[in-house]
Amino acid sequence: MKVWLAPDAGFCRGVRLAVKAVEEALAAGAFPVQVLGPPIHNPQVVAELVRHGLQVVHDLCEVDRGVLVLPSHGAAPDVAVTAASKGVRVVDATCPLVRRAQQAARELADRDCQVVVVGDPGHAEVLSIVAWSGHRAVVVRDADEVSRLSIRPHVAVLAQTTERPEVVREVVEALRRLGASVEVRDTLCPITRRRQQEARALAQKVELMLVVGGRESANTRRLAQAAAATGVRVYHVESGREVDPAWFKSVERVGVTAGTSTPQGAIEEVLARMREIDEAARRTMPGEAEHTAHTEPGGGEGVLEPSEQPVTMTEASAPSFQRGQLLWGTVVAVEPTHVLVDIGGKAEGVVPVAELSTRPVADPATVVGVGEEIPVYVLGVDEHEGTVRLSRRRAEQELAWQRLEEAHTAGAIIEAPVTAQVKGGLIVDVGLRGFLPASQVGLSFIRDLKPYVGRTLRLRVIEVDRPQRRVVLSERAVLEEEQARREEEVWSTLAEGQVVEGTVRRLTGFGAFVDLGGADGLLHVSELSWGRVNHPQEVVQEGQQIRCKVLKLDRERKRISLGLKQLEGDPWDGIDRRYPTGALFEGKVVSLASFGAFVELEPGIEGLVHLSQLSDRRIEKAEQVVSVGDRVRVKVLKVNPRAKRISLSMREAEQDAERAQLRKYMAEHKSDRVTLGEVFGNLFTEREKAHGEKSSEISEHAPSGEPEHDA
Ligand code: SF4
């Protein structure tokens, strides 16, 4: 039997940090050291920590002193606050990747997004993520559960860190099929993702797979699922004792992998048990001497060819390194020319200063510190010197490619700073050099891109070509999607007759466009005021905040008609009380027509002075008597509130004025025998001059047939 061990089996960085945090708390002696639920999902490791004094509690009520360690899979935000308020020292061992998912949940919920978490609803990590969202997030296990959700137009998706990428993809697709606009946050752990890939690759080349790890461990279960998806027989075991000889009957090729919370000891125990089983089988079948159990470290592509020289189990279980491997290590020394990294083997890992970062590094101490966990890529092994040459630069590039490929497939939004302006666009730092074409910056063409340098943008990956080392991104795709989402949200709240607030965005000759917080409405010039408005700028200005009324919604053509004047009372209400028949008023000539002149009595109230009512002489055109802008005296002849019409007369107003003047004169001179010529002599002379018409002596009586409204 030949056995291949996956290259990255065993503790991940998050688990190592959590175990280390507990060990340090125990070593410090500040007892009791407590943890809310198991610190990691491996019963053997937890049992060992408990033997050294760790207390696993299940309720915060049980904690009132000492130290409380928050587990690697996180806790609700109020746990640390409550514990600290009791005087308990809190050690936060939440894995940084879980913390990232928690913060994403909080940020999305604060933006009032509908947050969907893909994962196991009972898992401690998922419970903590939901708690960080203020308990507003909903959890689905898979795409089948999406149909039970009541979906809002915009949904944000994030996942339990150990979830399988294909499950997240299916959920996103199911949400999109329901018409939701989906924002995906990539919260998947790259370590588990890589292990799942390795498990799949290994499973395709063996007859049987053993997955070692705690049954409560989500990432171990998902490793088993990833392997089983290839069709191979898979057994999930916690220790060597569970390995059954019957499984290996007629089996020659076996793959072994392990979860991120599985200690090295458990893996070695399983390998040792398999060797025992194989040796026992050979003893009973002496003729099959070539059936030799040996382990090939490093599974996956290109490593499954059995070596000529079988290795012993002891050698196989010790970590070994191959070019191209991606590992996590702990910085143990920082020197001016290189950094030493503990990568778990006997050999020492060395990162030359040039391999520390994609940017030039003058002093390594400015980039890393002793004790820091960093990703490293194996460049080669120097057997002679017993060192492993490593590159953090390459590792980060590898991780960046993985993240970008996942983000591209899942349609996730990533954040990246703009580092430079180049011909045709911008360069962004996505862990690699990403290109943001000018046409993909902002919502409309931006001529000067210089102000973008140094800013961090939210971007969508629109092209990833690893062989060509090409990454193309788009800010416009994100902005357009957000705009569409905001528009949807605005539309979902609008109703005709509603009074809304908005900002005047743009003025045109026919009206003003008002931004209602994501959707624009048109305030037509005729709806700005009851009065006459020639241009919208007479009433509103760009950037002004206004309240207006929704007059009409055309959902099909996405048009919103707004009105401003409707917020004021209709000036035609009570018009006949304000403008009684026979009363005299002053108004302004606002327009001339072939049949007369329109006179504005107040904003929104205009009356018509018919040609016959403009003057007591015969005229052909209104222009002969008045011009636009003249202030004139008019008499109300008739008011029709229903038709919104008022008939006015300048002629009668003038006659009334003359009569009033006459009465006043007569009263002053106490005489009832006076001629109009005596009173208005000068006036008539001036008129004759002005119009070249003949003056005549006028009797004190009004001309026959003329109405006398105020006689
Ligand atoms: S599996 Fe990934 S997310 Fe989970 S603890 Fe390990 S590093 Fe963190």
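Atoms within each ligand, like the ligands themselves, are counted from 1 in listed order. The first residue of the sequence shown is numbered 1, and numbering continues consecutively from there.
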Judged by modelled atom types alone, do [X] and [Y] share a side-chain donor-acceptor pair under 3.5 Å?
X: Ser261; Y: His41; result: no
X: Gln102; Y: Arg99; result: yes
X: His154; Y: Glu183; result: yes

Enumerated ligand 1 atoms positioned under 4.0 Å from heavy atoms of Cys189
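Result: 1 (S), 2 (Fe), 3 (S), 7 (S).
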
Heavy-atom nearest neighbour in the protein, as seen from atom 4 (Fe) of ligand 1, with distance rounded to 0.1 Å:
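Looking at atom 4 (Fe) of ligand 1, the protein heavy atom closest to it is Thr161 OG1, 4.2 Å.
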
Tell me, which protein residue and heavy-atom name are nearest atom 8 (Fe) of ligand 1, and how many Å apart are they?
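Result for atom 8 (Fe) of ligand 1: Cys95 SG, 2.3 Å.
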
Quick one: which of Leu188, Thr260, Val15 has a heavy atom closest to atom 1 (S) of ligand 1?
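The option holding the nearest heavy atom is Thr260.
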
Under 2.8 Å: N/O/S of Cys12 next to atom 6 (Fe) of ligand 1
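Yes, since at least one N, O or S atom of Cys12 sits under 2.8 Å from atom 6 (Fe) of ligand 1.
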
What is the ring orientation for Tyr235 with Trp247, classed by angle as parallel under 30°, tilted 30 to 60°, or perpendicular over 60°?
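Ring orientation of Tyr235 relative to Trp247: parallel.
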
Going by heavy atoms, is Thr192 under 4.0 Å from ligand 1?
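The answer is yes: ligand 1 sits under 4.0 Å from a heavy atom of Thr192.
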
Donor-acceptor pair, distance only, cut-off 3.5 Å: does the side chain of Glu242 make one with the backbone of Val270?
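Between the backbone of Val270 and the side chain of Glu242 there is no qualifying donor-acceptor contact (under 3.5 Å).
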
